[in-house]
Amino acid sequence: MELYQNQENQEYRQKLPAEKRIVVKVGSSSLLHPQTQRLDYHRIDRLAGELSDLKNAGKDVILVSSGAAAAGREALGINTDVYHQEIGMNIKQACAAVGQARLIQIYQKFFSEYNQTCAQVLMTKELLRLGVIPIVNENDSVAVNEFIVGDNDNLSAMVASVTHADLLILLSDVEGLYTDDPRKNPHASFIECVPKLDETFLRMGKKSTGSAAGTGGMDTKLHAARIATASGCDMVICTSAHGMGIIRDVATGKNVGTLFAACKDADFKLDDYIRQL
């Protein structure tokens, strides 16, 4: 059985280099120094470089990026511990509002070094035709419970769905999907490939996150996988802990992270799924 799974995994991975439209979601933990929760400019620079290389290789690239609130905290001089424990939603939204503009400026600076043009949020197919790299984030500065997506995992899957993307890469603080939370269960087994996402795999999700900056755990990533795969998009969960080169590794078919194979569902309707979130 294990040999069969390995062969199946290899077959799916061999298809990834040919996929043209790629959505990359980067979580806050991938953009911040873990000790201070402040922006790590070296990692952002490498992210811009890797995505620019994909663009130069003929790919359409869309970035879904967290980090606005963290950038706002840094700009306003708000301590991370205080931010998470004591202040209200109005201050958090203010941090996101200040930080979103700051984050886009940072991305524009780094992408320009690689001769690439990026644009914030207002994404259309025309942007992709013009060779622009759209940068998407949930509008945390105005979102309330009735309108909130809740995390960029689900948002990136929705973006992948509406743009008919071929591949969604979720950069996370975990290597991929395990049979149980590896931080709590040392006997948890790593899963390289999910050919078809069913309830057995969905039950493996945990409503927790290992990062002080993040908002989504494995549970949200599995929901994202359900959206992406049902829309006909492959998805890979992997970690950027060892560098942003992991993006290139995934796109070239290397055996990293957990691959969720596309399994297009003709009955899947994104609007109906959003209402259930």
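For reference, positions follow the sequence shown, starting with 1. Remember, it's a predicted structure, so these values are computed and weren't measured experimentally.
- The closest side-chain heavy-atom distance from Leu168 to Phe260 is not below 4.5 Å.
- Taking every heavy atom of both residues into account, Cys95 and Ile78 meet most closely at SG-CD1, 3.6 Å.
- Thr258 has its side chain out of reach of Glu192: every pair of non-hydrogen atoms, C-beta onward, lies at least 4.5 Å apart.
- Considering every non-hydrogen atom in both Leu177 and Met204, the closest pair reads CD1-CB, 4.1 Å.
- Between Cys238 and Ile169, the closest side-chain pair of non-hydrogen atoms falls below 4.5 Å.
- In this view, Ser66 and Lys25, Ser28, Asn152 satisfy the side-chain contact (heavy atoms from CB on, under 4.5 Å) rule, not counting sequence neighbours.
- A donor-acceptor pair under 3.5 Å links the side-chain atoms of Thr36 to the main chain of Arg38, judged by distance alone.
- Between the side chains of Gln116 and Asn56, at least one donor N or O sits under 3.5 Å from an acceptor N or O.
- Looking at Met218 and Val174, their side chains come closer than 4.5 Å, going by heavy atoms from C-beta outward.
- In this structure the side chain of Ile106 reaches within 4.5 angstrom of the side chain of Arg102, judged on heavy atoms.
- The main-chain N or O of Leu39 is found under 3.5 Å from a side-chain atom of Glu74 such that the two form a donor-acceptor pair.
- Here Glu50 pairs with Arg46 in a salt bridge; the nearest charged N to carboxylate O distance falls below 4.0 Å.
- Annotation: side-chain contact (heavy atoms from CB on, under 4.5 Å) contacts of Ser30 (sequence neighbours excluded): Val26, Arg43, Leu171, Ser240, Met244.
- Salt-bridge check for Asp153 with Lys221: passed, with a basic side-chain N closer than 4.0 Å to an acidic carboxylate O.
- With hydrogens and angles disregarded, a donor-acceptor distance shorter than 3.5 Å links the side chain of Arg13 to the backbone of Val256.
- A donor-acceptor contact closer than 3.5 angstrom is absent between the side chains of Ser189 and Tyr178.
- Side-chain atoms of Asp234 never come within 3.5 Å of backbone atoms of Ala261 as a donor-acceptor pair (strictly under, hydrogens ignored).
- At distances below 3.5 Å, at least one donor-acceptor pair connects side-chain atoms of Lys59 with backbone N or O atoms of Glu19.
- Crowding of Lys15 atom NZ: a count of heavy atoms from other residues, nucleotides or ligands under 6.0 Å not exceeding 12.
- Look at Asp181 and Arg183 and you find a salt bridge, because one of the NZ, NE, NH1 or NH2 atoms lies within 4.0 Å of a carboxylate O, short of that distance.
- Nearest heavy-atom pair, Ser172 versus Ile237, reported as atom, atom and distance to 0.1 Å: CB-CG2, 4.5 Å.
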